[in-house]
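To start, the structure under review is shown below, and the notes come after it.
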Protein chains: 2
Amino acid sequence: MQKFKNIGLKLTPQRLAILGFLEGNPDHPSAEDIYKAVSVQFPTMSLATVYNTLDALREKGYIIELTIDPAKKRFDPFTKMHHHLICTSCKRVKDIHADFMLDIPEQVRGDFRITGNHIEFYGVCPVCGNGHERRI
Amino acid sequence: MQKFKNIGLKLTPQRLAILGFLEGNPDHPSAEDIYKAVSVQFPTMSLATVYNTLDALREKGYIIELTIDPAKKRFDPFTKMHHHLICTSCKRVKDIHADFMLDIPEQVRGDFRITGNHIEFYGVCPVCGNGHERRI
DNA sequence: TTCTTGACAAGAATTATTATTATGTGATAA
DNA sequence: TTATCACATAATAATAATTCTTGTCAAGAA
C-alpha cells in the first residue's frame with residue numbers, strides 16, 4: 001500500500017482498487033478482467049485508467065506483463081522469478097515456483113549475454129483431463 | 001511441396017509463396033512481415049490470405065505460432081521442439097536447439113499432465129552489448 | 001501547479017464476410 | 001494410359017468489423 005507513495009505515484013482510489021485486485025491474485029488477469037472486477041466498486045472507472053495504472057506499475061517493477069496469451073496481455077503481481085504451466089485445453093495458467101538450472105551450451109548461445117529465462121510448461125489440467133483422457 | 005495436397009489443402013501460388021518464404025526462415029516473421037515479403041512477387045496478395053494460410057498451416061502442424069512478442073503473433077517453420085533467446089534490447093530472436101531436462105516437482109505440478117515446454121531465454125545480443133555494455 | 005481521471009478518438013493486429021476466382025477430382029474422350 | 005472438361009469445393013481479395021491497446025485532452029483532485 002505504501003508502495004505507491006514511495007515510488008512517486010499518487011495514491012488514488014482507482015489505483016488502490018486495481019492494486020488490491022492484483023495482490024495475491026494467481027489468475028494472471030487481463031486488463032479487461034481487471035476492469036470488470038474493479039468496475040463493481042468503481043462504476044465510473046475507465047479502461048484507459050486500468051491500462052495507465054498497469055503500465056505505471058510495470059514500469060516501477062511491481063507487476064510483470066506476461067506474453068503467454070497470444071490474444072491479449074496478462075498481468076502478474078508475482079515479480080519474483082517464476083514460471084508458468086498452461087493448460088492447453090482451458091488455457092488456465094498455474095504458477096510454478098521452482099528453480100531450474102539452465103545452461104545454454106556456448107556454441108549455441110553465441111555471444112549473447114544471458115540475463116534470465118522464463119519457462120512455459122504445457123499440459124492438461126485436472127479438470128480437463130479428469131481420468132477419461134479423451135483425446136480428440 | 002506435396003505436403004499440401006496430401007493433407008487436404010489446395011495448392012495455390014499464394015500458398016506456395018508463403019510456404020517458400022517460411023521454409024528455413026529463422027527470423028520468426030509476423031503476418032505483416034510475410035505479407036510484405038510475398039507481395040513483391042504477388043502484388044495482389046491480400047493480408048487476409050496470409051492469415052488464412054498461416055492458420056491452415058498451423059492447424060496442420062507445419063508451422064507453430066509464437067507468443068514471444070506481446071504486440072503481434074510470430075510464426076516459426078521449425079516445429080521440432082526448440083527454444084528461443086530474445087535480445088531484450090533489439091528484440092531479435094535466436095533459435096536454441098538444445099534439450100533441457102525439466103522435471104517439475106510433483107507437489108508443484110499437482111494433477112497436471114505435462115506435455116511439453118518452451119523456454120524463453122533473455123539476454124543481450126552481440127550487436128546491442130558490443131563491449132561497451134552501456135546500461136540505460 | 002502537477003498529476004490523474006475519464007471519455008473518446010485513434011491505431012494496430014486480427015478476424016469475419018462475401019462475391020469472385022482458381023483448384024482438385026472424377027468422368028469422359030483420345 | 002494419358003489428356004481434357006465440367007463441376008463442386010475451397011481459396012482469394014477486398015473490405016468491413018472486432019478486439020486490444022494507446023493517445024489526446026479537458027476537467028478535477030492533490
Side-chain angles (χ1 to χ4, degrees), chain A residues 1-21 28-60 62-76 91, chain B residues 1-22 28-60 62-75 91:
Chain A
M1 290 302 134
Q2 270 302 91
K3 282 180 187 175
F4 273 15
K5 283 189 188 170
N6 301 339
I7 59 179
L9 292 181
K10 287 185 180 173
L11 220 44
T12 68
Q14 291 89 339
R15 286 178 171 178
L16 283 176
I18 292 173
L19 191 65
F21 178 71
H28 315 86
S30 66
E32 182 73 23
D33 294 333
I34 298 168
Y35 174 62
K36 278 182 191 161
V38 178
S39 288
V40 176
Q41 292 187 24
F42 294 85
T44 71
M45 163 89 67
S46 168
L47 184 55
T49 298
V50 175
Y51 277 105
N52 279 341
T53 302
L54 290 173
D55 206 52
L57 287 174
R58 183 185 50 72
E59 271 193 356
K60 301 295 185 179
Y62 285 105
I63 62 175
I64 54 179
E65 183 185 304
L66 303 180
T67 59
I68 55 182
D69 186 338
K72 65 188 73 154
K73 295 178 178 177
R74 290 169 167 278
F75 298 89
D76 194 332
K91 311 302 176 194
Chain B
M1 291 300 133
Q2 270 301 92
K3 282 180 189 173
F4 274 13
K5 282 189 189 171
N6 300 339
I7 59 179
L9 293 181
K10 287 184 178 176
L11 216 45
T12 68
Q14 293 88 339
R15 286 179 171 180
L16 284 177
I18 291 173
L19 192 63
F21 177 72
L22 279 173
H28 316 85
S30 67
E32 182 73 23
D33 294 333
I34 298 167
Y35 175 62
K36 278 183 192 161
V38 178
S39 288
V40 176
Q41 292 187 24
F42 294 86
T44 72
M45 164 88 66
S46 167
L47 184 55
T49 298
V50 175
Y51 277 104
N52 279 341
T53 302
L54 290 173
D55 206 53
L57 287 174
R58 182 185 50 74
E59 270 193 356
K60 301 295 184 179
Y62 286 105
I63 62 175
I64 54 180
E65 183 185 304
L66 303 180
T67 60
I68 54 182
D69 186 338
K72 65 188 75 154
K73 294 178 179 176
R74 290 169 169 279
F75 298 89
K91 312 303 177 193

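Throughout, a chain's letter reflects where its sequence line sits, starting with A, and its residues are numbered from 1. Excluded from the calculations below are hydrogen atoms, water molecules and symmetry mates; all remaining heavy atoms, backbone and side chain alike, are included.
Mapping heavy-atom proximity under 4.0 Å, the span of DNA chain C touched by chain B runs 5' to 3' from dA13(C) to dG24(C).
Residue pairs meeting the salt bridge (charged side-chain N to carboxylate O under 4.0 Å, His left out) criterion with at least one partner in residues 7-17 of chain B, sequence neighbours excluded, do not occur; the list is empty.
Taking five base pairs at each end of the helix from dT1(C)-dA30(D) to dA30(C)-dT1(D), the local helix axes there meet at an angle of 30°, rounded to 10°.
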Could you pull out all donor-acceptor pairs under 3.5 Å where a side-chain atom in residues 36-51 of chain B meets a protein atom, sequence neighbours excluded?
{"unit_1": "Ser39(B)", "atom_1": "OG", "unit_2": "Tyr35(B)", "atom_2": "O", "d": "2.6"}
{"unit_1": "Ser46(B)", "atom_1": "OG", "unit_2": "Ala48(B)", "atom_2": "N", "d": "3.1"}

Got a list of side-chain donor-acceptor pairs under 3.5 Å for residues 63-71 of chain A, not counting sequence neighbours?
{"unit_1": "Glu65(A)", "atom_1": "OE1", "unit_2": "Arg58(A)", "atom_2": "NE", "d": "3.3"}
{"unit_1": "Thr67(A)", "atom_1": "OG1", "unit_2": "Thr67(B)", "atom_2": "O", "d": "3.3"}
{"unit_1": "Asp69(A)", "atom_1": "OD1", "unit_2": "Ala71(A)", "atom_2": "N", "d": "2.8"}
{"unit_1": "Asp69(A)", "atom_1": "OD2", "unit_2": "Arg74(A)", "atom_2": "NE", "d": "2.9"}
{"unit_1": "Asp69(A)", "atom_1": "OD2", "unit_2": "Arg74(A)", "atom_2": "NH2", "d": "3.4"}

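With sequence neighbours left out, Lys60(A) forms a side-chain contact (heavy atoms from CB on, under 4.5 Å) with Ile7(A), Leu9(A), Tyr62(A). Listed by chain and number, the residues in a side-chain hydrogen bond (donor to acceptor under 3.5 Å, both in side chains) with Ser30(B) are Asp33(B) (sequence neighbours excluded).
Taken to the nearest 0.5 Å, the CG atom of Leu22(B) stands 7.0 Å off from the CG atom of Leu57(B).
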Determine, for nucleotides 5-21 of chain D in 5'-to-3' order, which nucleotides have protein heavy atoms under 4.0 Å from the base (write B), from only the sugar-phosphate (write S), or from neither (write -).
----BSSBBBB----SB
